[in-house]
Amino acid sequence: MDLSYSPEEQAFRQEVRSFLSENLPPEMSDAVREGRGLGKEGHERWHAILNAQGWLAPNWPLEFGGCGWNAVQRHIFEDECCQAFAPRIVPFGLTMLAPVLQKFGSQEQKDHYLPRILSGEDWWCQGYSEPGAGSDLASLKTKAVRDGDHYVVNGQKTWTTLGQHANWIFCLVRTDSSVKQQAGISFLLIDMDTPGIEVRPIILLDGAHEVNEVWFTDVRVPVENLVGEENQGWTYAKFLLTHERTNIAGVGFSQAGLAAVKRLAAAEQHRGRPLIENPHFAARVAQAEIDLMAMSTTNLRIISAAAGGQAPGVESSMLKVKGTQIRQEINDLARRAAGVYAMPFASEGVAGGNEPPIGPEGTAPVAAQYFNNRKLSIFGGSNEIQRNIIAKVKLGGGA
Ligand SMILES: Cc1cc2nc3c(=O)[nH]c(=O)nc-3n(C[C@H](O)[C@H](O)[C@H](O)COP(=O)(O)OP(=O)(O)OC[C@H]3O[C@@H](n4cnc5c(N)ncnc54)[C@H](O)[C@@H]3O)c2cc1C
């Protein structure tokens, strides 16, 4: 297996780098570097810039307006975006729903929704989890009952990321309670403006409004908003999850985070010496760097195999566990390096208020990032669930 980049791939990297240096607004990369939120308008602006370049949908086939890039090109693009502190593209429409519509949607659904995802007219959110149905997703209870040309939906979704900005939600709903759990689930597209929908904020540990509860009371959804066949939603849901878990290793985020830790620890003093010279701290930084280099190589091996046509299997669970452990360790190192300056984590410092930051450069968002990134080992399938998958496949008991 050849893990070096070909001349064409290196030229592609250069092209991406030039594009980012010319088109990524500095105020946006500053906001990302400093851990400040971009807000809805910021996300929409970056979405539009990438769409104008034709680089918004790296994972879509050309026929639907995607880039048609292979796995190595996608990796290079993501890597360069992380290094340049480009905003993360909101994934729910582009990388989660779109592949489901492309594979299982009706022609009308493809023609209607896919162009609107590219243009940014629709902002999608994901209505999978419920109280009591997270890891055990198949036990979901939100009900959809057929009434003429409509389904009538009642129930509650939770942890709905950025649902406060969304005008559409894709939902898993129960359409048959009399069969095995997985066999009674359907996949519905629901307009958030429909009467009977209420979005309630959940404030996370960092003080940010990132997730929500979404309540449905007698919400009438036209039957043409059903994706695929009734009661086949579990198949589409699982297919979507394989797309949710792309770029799972987060190598670029960790590289940027580790560089920031080193800068901070070189500037901060510990007993009269730069913190980075403290043997205990330096050993932890070195261990994180070694782990990151090892994971980066594993990631490249998997990408190289994927470019050769092999679908990643249990490897994505391994990358999820290791990648999130490394990112959380880097967050902890940053928190320790910031010392007392991590304590205030004034939301104004993070969200871009008028007050100047209290501590040295780079310390304002450290605590908020530390708390916010506790989520990494929970969402997208918790790390315990990933370990169960690895154990089943590697220690026996089937996939
Ligand atoms: C910040 C954030 C954003 C999210 N965004 C969305 C979103 O936009 N849309 C959406 O639908 N969902 C979203 N989620 C939900 C996410 O997918 C679930 O939180 C996740 O699947 C875990 O489910 P749960 O929270 O119900 O925890 P539970 O499933 O109740 O798990 C609780 C604990 O028990 C462990 N556990 C559970 N089962 C097992 C087992 N069989 N073996 C070993 N350990 C086990 C888990 O690992 C966890 O530590 C989000 C979550 C977070 C934190």
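Values in this document were obtained by computation on a predicted structure and should not be read as measured data. Residue numbers run from 1 in the order of the sequence given.
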How about [X]: does its [atom1] atom have over 12 heavy atoms from other parts shown lying under 6.0 Å from it?
X      : atom1 : value
Lys103 : NZ    : no
Glu361 : CD    : no
Arg200 : CZ    : yes
Lys110 : NZ    : yes
Asp111 : CG    : yes

Testing the basics here: between [X] and [Y], what is the closest heavy-atom pair and its distance to 0.1 Å?
X      : Y      : result
Ala144 : Val153 : CB-CG2, 4.0 Å
Val223 : Tyr151 : CG1-CE1, 3.8 Å
Ile89  : His47  : CD1-CA, 4.2 Å
Ala266 : Ile276 : CA-CG2, 4.0 Å

Is the backbone N or O of [Y] less than 3.5 Å from a side-chain atom of [X], with the two atoms forming a donor-acceptor pair by type?
X      : Y      : answer
Lys322 : Leu292 : no
Glu277 : Pro274 : no
Glu210 : Asn372 : no
Asn212 : Val214 : no
Gln73  : Asn70  : yes

Spatial distance of atom [atom1] ([X]) from atom [atom2] ([Y]) [nearest 0.5 Å]:
X      : Y      : atom1 : atom2 : value
Met96  : Ile117 : CE    : CD1   : 12.0 Å
Thr217 : Gln156 : OG1   : CD    : 10.0 Å
Phe85  : Arg33  : CZ    : CZ    : 5.0 Å
Ile49  : Leu20  : CD1   : CG    : 10.5 Å
Arg374 : Asp206 : CZ    : CG    : 11.5 Å
His165 : Met192 : NE2   : CE    : 11.5 Å

Does any non-hydrogen side-chain atom of [Y] lie less than 4.5 Å from one of [X]?
X      : Y      : answer
Asp147 : Arg220 : yes
Ser317 : Asn388 : no
Leu188 : Ile169 : no
Gln369 : Arg335 : no
Glu80  : Phe19  : no
Arg45  : Pro87  : no
Phe64  : Leu101 : no
Leu240 : Tyr128 : yes

Looking at Trp159 versus Phe379, is the centre-to-centre ring distance below 6.0 Å? no
Check the angle between the aromatic planes of Trp168 and Trp124 and answer parallel, tilted or perpendicular using the 30° and 60° thresholds. tilted
Would Arg327 pass as a cation-pi partner of Phe253, given that its NZ or CZ must be under 6.0 Å from the six-membered ring centre and within 45 degrees of the axis? yes
With no hydrogens and no angle check, just 3.5 Å: does a side-chain donor-acceptor pair link Thr175 and Asn231? yes
Cluster question for you: counting only ILVMFWY and a side-chain heavy-atom cut-off of under 4.5 Å, with indirect links fine, are Leu258 and Val251 together? yes
Pair Phe187-Leu226, side-chain contact (heavy atoms from CB on, under 4.5 Å): steps then yes or no: CA-CA 6 Å; Phe187 194 109; Leu226 175 76; 5.7 Å; no
Checking Arg146 now: which residues fulfil salt bridge (Lys or Arg N to Asp or Glu O under 4.0 Å) with it, not counting sequence neighbours? none
Please determine if [X] and [Y] form a salt bridge, counting it only when a charged side-chain N lies under 4.0 Å from a carboxylate O.
X      : Y      : answer
Arg174 : Glu130 : no
Glu315 : Arg301 : no
Glu329 : Arg284 : yes

Checking Gln325, Gln328, Gln386, Glu384 against Ser377 for side chain to side chain donor-acceptor pair (under 3.5 Å), the one that qualifies is Gln328
Sequence neighbours excluded, the answer for ring-ring contact (aromatic ring centres under 6.0 Å, His included) partners of Phe104 is Tyr236, Phe239
